[in-house]
Amino acid sequence: MELTTFWFALIAILWAGYFLLEGFDFGVGILLPVLGRTERERRLLINTIGPVWDGNEVWLLVAGGATFAAFPEWYATLFSGFFLPLLLILVALILRGVAFEYRGKVDDDRWRRRWDACIIGGSLVPALLWGVAFGNIVRGVALDADHEYVGGFFNLLNPYALLGGLTTLTLFTLHGAVFLALKTDGEVRERAGRLAARLGGPAVAVAGGFLLWTALAHHDAVGWVLSALAAVALVGGVLAAYARREGWAFLATGATIVLATFALFVTLFPDVMPAFDPANSLTVDNASSTPYTLKVMSWVAVLFTPVVLVYQGWTYWVFRKRLTVEQIPPVTVPVREKV
């Protein structure tokens, strides 16, 4: 396997891992006002992802860093052409991270409601815009002969990309509901299980439509197979959610996200950013770094990737038990003084 192909595949794996893990984080944040009816229930929901959400975001940092080092032309075109949506995602992620840390610093309902709004928006915006961004990458964009993006922001809001955004939004919300049913107990678990079953139908319709559109537009045999497997996994996850088999449902929704991400990257290859004029497309060859750079990066990846995976796996194992409202202690921070 050529190093350019290896790094393209590795970046696909990093994005699949990010969507798999951060996907249920986004889902929990989106469902915060739906399943968290009291302050203790909202704190319970946040505590389910408290030990892992920042570690999950490392996958995004590594995916971006790998793209910058392995395919600098791809990175430059992507981050310049998609500047506004990527900036919105970055701001949303920052606000969400700050909200996790600050919402419990003051015992005041208005204070917590404001930070809760940041958590909800900071989860919903990336869940939608990541799908829009990848929908445009797979569909193709307006690039000139210098591989510069020459379209506008509203050119990115086309029907295919918007359907991609709705797909990631519904899949991540479903994934989050299943995760909460798996991670909690008591009334919150029951509500999460019922909600996951109700979200199944819309998720199958939206994601199935997007995967079918992608497969029909690109006619890639491997992409067809991966899309079909993703659809089967999603249906299986919905059926498991109806049967209240939370573990199997979570595995199935996770498999759906991973397989769908792989299907998009397989459909994309050998392009990394196709242009409407194929002569201007960025490929794994004309967008890559030098062979020496890729060789050094490969050794680093081989040495350190297993360490990161073992550490993150250990984190999930330590915090594997279900949480209940009864385990959430009373608020102990000072009451905010009224001015």
Side-chain angles (χ1 to χ4, degrees), residues 8 11-12 14-16 18-19 22-23 26 30 60 63-64 67-68 71-96 121-173 206-218 220 223 227 257 260-284 286-287:
F8 181 85
I11 290 171
L14 291 171
W15 278 108
Y18 173 67
F19 290 145
E22 191 77 335
F26 291 148
I30 293 168
L60 173 61
T67 304
F68 172 77
F71 301 102
E73 287 281 349
W74 183 14
Y75 182 92
T77 301
L78 177 64
F79 279 80
S80 60
F82 291 19
F83 175 78
L84 183 55
L86 293 178
L87 177 63
L88 291 174
I89 291 173
L90 177 61
V91 171
L93 292 177
I94 291 173
L95 287 175
R96 188 182 69 133
S123 302
L124 191 150
V125 170
L128 176 67
L129 291 185
W130 279 129
V132 174
F134 272 87
N136 278 289
I137 292 173
V138 173
R139 172 179 177 265
V141 292
L143 300 180
D144 61 16
D146 296 321
H147 307 303
E148 296 287 340
Y149 179 69
V150 293
F153 172 73
F154 291 102
N155 296 120
L156 302 177
L157 304 180
N158 53 81
Y160 176 77
L162 291 174
L163 182 59
L166 289 176
T167 298
T168 51
L169 180 61
T170 54
L171 282 181
F172 292 166
T173 305
V206 174
F210 178 72
L211 290 173
L212 181 61
W213 190 343
T214 302
L216 289 173
H218 295 277
D220 184 275
S227 296
I257 293 171
T261 305
F262 286 164
L264 293 181
F265 273 87
V266 166
T267 299
L268 194 61
F269 187 81
D271 292 334
V272 294
M273 202 160 191
F276 294 147
D277 182 355
N280 298 336
S281 295
L282 282 169
T283 69
V284 293
N286 64 21

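Worth saying up front: this structure is predicted, and the values here are computed from it rather than measured.
- Between Ala127 and Ile30, the shortest heavy-atom contact is CB-CD1, 4.1 Å.
- In terms of the ring pair (Phe, Tyr, Trp, His ring centres under 6.0 Å) criterion, Phe262 has no residue partners (sequence neighbours excluded).
- Taking Ala76 as the reference, nothing meets the side-chain contact (heavy atoms from CB on, under 4.5 Å) condition, with sequence neighbours excluded.
- Applying the side-chain contact (heavy atoms from CB on, under 4.5 Å) test between Phe210 and each of Leu162, Leu171, Leu163 identifies Leu163 as the sole match.
- Partners of Phe276 by ring pair (Phe, Tyr, Trp, His ring centres under 6.0 Å), not counting sequence neighbours: none found.
- Atom-to-atom distance recorded for Phe19:CZ and Leu60:CG is 8.5 Å, nearest 0.5 angstrom.
- Applying the side-chain hydrogen bond (donor to acceptor under 3.5 Å, both in side chains) test to pairs two or more places apart or on separate chains, those with a residue in residues 122-134 are Tyr18-Trp130.
- Partners of Leu90 under the side-chain contact (heavy atoms from CB on, under 4.5 Å) rule, at least two apart in sequence or in another chain, are Ile94.
- Summarising the local packing, CZ of Phe153 is surrounded by more than 12 heavy atoms from other residues, nucleotides or ligands at distances under 6.0 Å.
- For the side-chain contact (heavy atoms from CB on, under 4.5 Å) test, residues two or more places apart in sequence or in another chain that qualify with Leu166 are Val206.
- For the atom pair CG (Leu169) and CG (Leu128), the distance works out to 6.0 Å, reported to the nearest 0.5 Å.
- Screening residues 149-170 for side-chain hydrogen bond (donor to acceptor under 3.5 Å, both in side chains), with sequence neighbours left out, gives Asn136-Asn158, Tyr160-Thr214.
- From Ile137, atom CD1 reaches atom OG1 of Thr267 across 13.0 Å, with rounding to the nearest 0.5 Å.
- In summary, the aromatic rings of Trp15 and Phe134 are positioned with their centroids under 6.0 Å apart.
- Across all non-hydrogen atoms, the minimal contact from Gly121 to Ala92 is O-CB, 4.3 Å.
- The CG atom of Leu156 sits 9.0 Å away from the CG atom of Leu84 when rounded to the nearest 0.5 Å.
- To the nearest 0.5 Å, atoms OH (Tyr75) and CG (Leu78) are separated by 9.0 Å.
- Between Phe172 and Phe26, the two ring planes are tilted [angle within 30° to 60°].
- Partners of Phe269 according to the ring pair (Phe, Tyr, Trp, His ring centres under 6.0 Å) rule, which considers only residues two or more places apart in sequence or in another chain, are Phe8.
- Partners of Leu282 by side-chain contact (heavy atoms from CB on, under 4.5 Å), not counting sequence neighbours, listed by chain and number: Glu73, Thr77, His147, Val272, Met273, Asn286, Ala287.
- For Phe79, the CZ atom is densely surrounded, since the number of other residues' heavy atoms within 6.0 Å is greater than 12.
- Note that OG of Ser281 is 7.0 Å distant from CG of Leu143, once rounded to the nearest 0.5 Å.
- The stretch residues 77-96 participates, sequence neighbours left out, in these salt bridge (charged side-chain N to carboxylate O under 4.0 Å, His left out) pairs: Glu22-Arg96, Glu57-Arg96.
- Taking both residues in full, the closest heavy atoms of Leu268 and Pro274 are given as CD1-CD, 3.4 Å, listed atom of the first, atom of the second, then distance.
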